[in-house]
Enquirer: 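Before we start, here is the structure in question, set down as structure tokens.
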Amino acid sequence: MADDRIFSSKPSSENGGLSRRTLLAAAAGLSAVAMLPAAALADFPIPEVPPLERLDYGEARKRFHTNLLRKGPSPEKSEPLGTPSGARRVTYHGGPDGSIELIAWISPYEPSSKLKPAVLFLHGGNATGDGHWELMKPYWEAGFVVMLPSFRGENGQAGDFSGFYDETADALAAAGYLEQLPGIDRNRLFLAGHSNGGTLALLAAMSRTFRAAAPISAGVNSWRFFNRYEREIRFDASDPKEFVMRSSVCFSPSLKCPTLLLRGSEERPFDKDHQLLITRARSAGIPIEAKTLPGTHNGVVPGAVAESIRFFGQVAG
């Protein structure tokens with residue numbers, strides 16, 4: 001979930017402030033219309049300590065279906081997607097049933113007998129644009145094939161925005177698409193994402209195996225997120241399970257790969273929920289680290305991409 005909103009001062013009609021999320025979208029070439037959060041806080045109990053679920057997250061997803069009380073597109077207004085410079089536009093079938101056709105961008109490459117490593121990068125915000133793609137260049141310069149998918153309800157596409165849950169299914173479907181491409185090394189499929197995409201990266205890494213994951217500025221506690229941004233609640237907030245299934249801190253032992261949490265020095269530091277996730281994951285024997293890099297919530301991304309490349313190379317040996 002977008003930590004720019006969990007951890008930043010709350011925009012209000014009194015100060016007229018723009019969230020860093022709005023600035024992120026602006027950097028990506030998106031419209032800022034209707035992106036400011038509602039002022040009212042949601043009325044639901046927030047647990048002092050998020051519960052620890054014993055069931056594996058991937059298994060829990062098979063048994064749970066989110067109940068959307070309001071259906072419609074992403075809350076971010078944005079332009080239809082084209083094809084940015086340096087990208088090849090493809091379509092993949094969003095999960096879990098493949099009924100939605102969604103756009104993704106992939107770095108061009110020539111398949112060969114020498115398999116290539118790949119990175120699935122999950123964008124920040126609730127829409128994407130050319131600015132997100134520009135941040136991907138270091139991956140393909142380092143020899144990775146990189147895929148940046150869009151998600152349901154974004155940029156005028158089909159599907160209902162759910163607030164992290166069904167979007168995780170889209171991310172998993174995108175991973176399946178990427179690893180099936182000719183010339184891709186399925187044993188070197190890496191995962192990264194920023195802000196909302198970092199949140200999705202954690203949930204996806206708890207659902208299936210990747211070689212390693214590097215979530216950037218990820219949120220881990222959906223109660224906090226939706227308490228602050230009630231307008232993005234589309235599900236039945238009276239059901240605590242809806243929050244549990246969107247909170248990676250509740251499923252820490254489900255992480256299925258080495259994980260490096262990254263964050264900017266000028267955004268709020270890793271909090272008690274991040275530390276709880278780390279403690280719970282380590283207790284299950286999962287290698288996980290956290291590292292702070294210079295920069296703001298948005299400004300940290302280039303350095304975090306470089307750090308993820310270093311980390312992926314270290315893990316792959």
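Numbering starts at 1 and runs along the sequence shown.
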Enquirer: Would you sort out whether I216 and V300 count as a side chain to side chain contact (heavy atoms under 4.5 Å, CB included), showing the intermediate values?
Expert: CA-CA 9 Å; I216 306 164; V300 74; 4.2 Å; yes

Enquirer: Does R89 use its side chain to pair, donor to acceptor, with the backbone of A104 at less than 3.5 Å?
Expert: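 No, because the side chain of R89 does not come within donor-acceptor range (under 3.5 Å) of the backbone of A104.
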
Enquirer: For residues 278-288, which residue pairs qualify under salt bridge (charged side-chain N to carboxylate O under 4.0 Å, His left out), counting only residues two or more places apart or in two chains?
Expert: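 Every salt bridge (charged side-chain N to carboxylate O under 4.0 Å, His left out) pair that includes a residue of residues 278-288, provided the two are not neighbours, is R282-E289.
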
Enquirer: Apply side chain to side chain contact (heavy atoms under 4.5 Å, CB included) to residues V145 and V119 and explain how you reach the verdict.
Expert: CA-CA 6 Å; V145 176; V119 174; over 6 Å; no

Enquirer: Suppose the criterion is salt bridge (charged side-chain N to carboxylate O under 4.0 Å, His left out): which pairs have a residue in residues 179-198, not counting sequence neighbours?
Expert: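 As it turns out, the salt bridge (charged side-chain N to carboxylate O under 4.0 Å, His left out) pairs with a partner in residues 179-198, which skip direct neighbours, are E179-R186, E179-R208, D185-R188.
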
Enquirer: Quick check for you: to the nearest 0.5 Å, what is the distance between M245 atom CE and C250 atom SG?
Expert: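 Result: 10.0 Å between the selected atoms.
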
Enquirer: Apply side chain to side chain contact (heavy atoms under 4.5 Å, CB included) to residues L293 and L262 and explain how you reach the verdict.
Expert: CA-CA 7 Å; L293 301 173; L262 297 170; 4.2 Å; yes

Enquirer: Using only atom types and a distance under 3.5 Å, with no angle test, would you say the side chain of D273 pairs donor to acceptor with the backbone of V220?
Expert: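 Judged by distance alone, no pair lies under 3.5 Å.
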
Enquirer: Give the minimum heavy-atom separation between S252 and A281, together with the two atoms involved.
Expert: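 Answer, listing the atom of S252 first, then A281: CB-N, 3.7 Å.
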
Enquirer: Is there a donor-acceptor contact under 3.5 Å from the side chain of S112 to the main chain of K114?
Expert: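 Yes, S112 side chain to K114 backbone: donor-acceptor pair under 3.5 Å.
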
Enquirer: Where do P96 and A169 come nearest, in terms of heavy atoms and distance?
Expert: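 For P96 and A169, the tightest heavy-atom pair comes out as N-CB, 3.7 Å.
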
Enquirer: Do the charged groups of K77 and E154 touch, with an N to O distance under 4.0 Å?
Expert: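 No, K77 and E154 are not salt-bridged.
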
Enquirer: Within the 4.5 Å heavy-atom criterion, are F151 and Q157 side-chain neighbours or not?
Expert: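 No, too far: nothing below the 4.5 Å cut-off.
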
Enquirer: For D239, give me all partners under salt bridge (charged side-chain N to carboxylate O under 4.0 Å, His left out), at least two apart in sequence or on another chain.
Expert: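 Salt bridge (charged side-chain N to carboxylate O under 4.0 Å, His left out) check on D239 returns nothing, list empty.
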
Enquirer: Is there a donor-acceptor contact under 3.5 Å from the side chain of R211 to the main chain of F312?
Expert: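 No: the side chain of R211 does not pair with the backbone of F312.
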
Enquirer: Under 4.0 Å between a Lys/Arg side-chain N and an Asp/Glu carboxylate O for R224 and D271?
Expert: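 Judged by the 4.0 Å cut-off on N to carboxylate O distance, R224 and D271 do form a salt bridge.
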
Enquirer: Would you say the ring centroid of W105 lies under 6.0 angstrom from that of W140?
Expert: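 No, too far apart.
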
Enquirer: Distance alone, cut at 3.5 Å: any donor-acceptor contact between the side chains of Y57 and S248?
Expert: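 Absent: no donor and acceptor within the cut-off.
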
Enquirer: Output, in order, the C-alpha distance, side-chain angles, deciding distance and verdict of side-chain hydrogen bond (donor to acceptor under 3.5 Å, both in side chains) for T296 and N298.
Expert: CA-CA 5 Å; T296 62; N298 298 328; 5.8 Å; no

Enquirer: Could you pull out all residues at least two apart from K256 that satisfy salt bridge (charged side-chain N to carboxylate O under 4.0 Å, His left out)?
Expert: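 For K256 the salt bridge (charged side-chain N to carboxylate O under 4.0 Å, His left out) partners, ignoring immediate neighbours, are D56.
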
Enquirer: Check whether the side chains of T292 and S265 place a donor and an acceptor atom closer than 3.5 Å, and report yes or no.
Expert: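 No.
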
Enquirer: Indicate if L260 and V315 have the same hydrophobic cluster label, given that clusters are the connected sets of ILVMFWY residues with side-chain heavy-atom separations under 4.5 angstrom.
Expert: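 Cluster IDs for L260 and V315 match.
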
Enquirer: Looking at residues at least two apart in the chain, or sitting in another chain, which of them share a side-chain contact (heavy atoms from CB on, under 4.5 Å) with A158?
Expert: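 In terms of side-chain contact (heavy atoms from CB on, under 4.5 Å), with neighbours along the sequence ignored, A158 is linked to I100.
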
Enquirer: Answer with yes or no whether the hydrophobic clustering places V244 together with L69; edges join I, L, V, M, F, W, Y residues whose side-chain heavy atoms lie under 4.5 Å apart.
Expert: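 In one cluster with V244: L69, no.
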
Enquirer: Which distance, rounded to the nearest 0.5 Å, do you find between the NE2 of H274 and the CZ of R263?
Expert: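 Taking NE2 in H274 and CZ in R263, the distance rounds to 4.5 Å.
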
Enquirer: Just by modelled atom types, is the T128 backbone N or O under 3.5 Å from a matching donor or acceptor in the N155 side chain?
Expert: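 Answer holds: yes.
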
Enquirer: Just verifying a value: how many Å separate I46 CD1 and N221 CG, rounded to the nearest 0.5 Å?
Expert: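 Taking CD1 in I46 and CG in N221, the distance rounds to 7.5 Å.
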
Enquirer: Ignoring hydrogens and geometry beyond distance, is a side-chain donor-acceptor pair present between S195 and H297 at under 3.5 Å?
Expert: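 S195 vs H297: donor-acceptor pair found between side chains.
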
Enquirer: Is it true that E167 and S162 share a donor-acceptor pair across their side chains at a distance under 3.5 Å?
Expert: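 Judged by distance alone, the side chains do pair up.
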
Enquirer: Checking the side chain of N126 only, and the main-chain atoms of S74 only, is there a donor and an acceptor separated by less than 3.5 Å?
Expert: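 No, because the side chain of N126 does not come within donor-acceptor range (under 3.5 Å) of the backbone of S74.
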
Enquirer: Is a side-chain N or O of S150 found less than 3.5 angstrom from the main chain of I103, in a donor-acceptor match?
Expert: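 Present.
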
Enquirer: Does Y165 have any ring-ring contact (aromatic ring centres under 6.0 Å, His included) partners at least two apart in sequence or in another chain, and if so, which?
Expert: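 Scan of Y165 (ring-ring contact (aromatic ring centres under 6.0 Å, His included), adjacent residues dropped) gives F64.
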
Enquirer: State the CD1-CG distance between I106 and L178, to the nearest 0.5 angstrom.
Expert: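 Going from the CD1 atom of I106 to the CG atom of L178 covers 6.0 Å.
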
Enquirer: Holding to ring-ring contact (aromatic ring centres under 6.0 Å, His included), I want the full list of residues that pass it with F144, two or more places apart in sequence or in another chain.
Expert: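 F144: ring-ring contact (aromatic ring centres under 6.0 Å, His included) contacts with F190.
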
Enquirer: Indicate if L115 and M147 have the same hydrophobic cluster label, given that clusters are the connected sets of ILVMFWY residues with side-chain heavy-atom separations under 4.5 angstrom.
Expert: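 Shared cluster, no.
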
Enquirer: Roughly how far apart are L52 CG and T279 OG1, rounded to 0.5 Å?
Expert: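 Rounded to the nearest 0.5 Å, the CG-OG1 separation comes out at 11.5 Å.
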
Enquirer: Could you check whether any side-chain N or O of Q180 sits under 3.5 Å from a backbone N or O of Y177, counting only pairs where one atom can act as donor and the other as acceptor?
Expert: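 No.
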
Enquirer: Could you tell me which residues satisfy salt bridge (charged side-chain N to carboxylate O under 4.0 Å, His left out) with R234, sequence neighbours excluded, listed by chain and number?
Expert: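 Listed in chain order: nothing, the list is empty.
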
Enquirer: Salt-bridge test for E48 and K272: reply yes if a basic N is under 4.0 Å from a carboxylate O, no otherwise.
Expert: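 Yes, E48 and K272 are salt-bridged.
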
Enquirer: Run the numbers on S207 and R61 for side chain to side chain contact (heavy atoms under 4.5 Å, CB included), then give the verdict.
Expert: CA-CA 8 Å; S207 305; R61 287 187 62 86; 3.6 Å; yes

Enquirer: Only counting residues at least two apart or in another chain, list the ones meeting ring-ring contact (aromatic ring centres under 6.0 Å, His included) with F311.
Expert: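 ring-ring contact (aromatic ring centres under 6.0 Å, His included) check on F311 returns nothing, list empty.
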
Enquirer: Mark yes or no for whether E76, through its side chain, and G125, through its backbone, hold a donor-acceptor pair below 3.5 Å.
Expert: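 No, E76 side chain to G125 backbone: no donor-acceptor pair under 3.5 Å.
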
Enquirer: Using a cut-off of 6.0 Å, state whether more than 12 heavy atoms not belonging to R54 lie near its atom CZ.
Expert: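 Check fails, neighbour count at 12 or below.
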
Enquirer: Look at the side chain of R246 and the backbone N and O of G163, then say whether any donor-acceptor pair between them is shorter than 3.5 Å.
Expert: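 Indeed, once roles are kept as given, a pair shorter than 3.5 Å links the two residues.
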
Enquirer: How would you list, by chain and number, every residue that makes a ring-ring contact (aromatic ring centres under 6.0 Å, His included) with F235, sequence neighbours excluded?
Expert: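 Partners of F235 by the ring-ring contact (aromatic ring centres under 6.0 Å, His included) criterion, ordered by chain and then number, come out as F226, F243.
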
Enquirer: Taking the side chain as C-beta and beyond, is there a heavy-atom pair between L255 and I288 under 4.5 Å?
Expert: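 A side-chain contact under 4.5 Å exists here.
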
Enquirer: Who pairs with P80 by side-chain contact (heavy atoms from CB on, under 4.5 Å), at least two apart in sequence or on another chain?
Expert: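 P80 satisfies side-chain contact (heavy atoms from CB on, under 4.5 Å) with no other residue.
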
Enquirer: Do F251 and L172 sit in the same hydrophobic cluster, where Ile, Leu, Val, Met, Phe, Trp and Tyr count as joined when their side-chain heavy atoms come under 4.5 Å apart?
Expert: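 Each belongs to a different hydrophobic cluster.
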
Enquirer: Check whether any side-chain heavy atom of F44 lies under 4.5 Å from a side-chain heavy atom of S238, and answer yes or no.
Expert: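 The answer is no; the side chains never approach within 4.5 Å.
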
Enquirer: Tell me, please, which residues at least two apart from R310 pass salt bridge (charged side-chain N to carboxylate O under 4.0 Å, His left out).
Expert: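 Salt bridge (charged side-chain N to carboxylate O under 4.0 Å, His left out) check on R310 returns E307.
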
Enquirer: Measure the CG-CG distance between L122 and N196 for me, rounded to the nearest 0.5 Å.
Expert: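 Output value for this atom pair is 10.5 Å.
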
Enquirer: Indicate, with yes or no, if F225 and L68 share a hydrophobic cluster defined by side-chain heavy-atom contacts under 4.5 Å among Ile, Leu, Val, Met, Phe, Trp and Tyr.
Expert: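 Linked, L68 and F225 end up in one cluster.
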
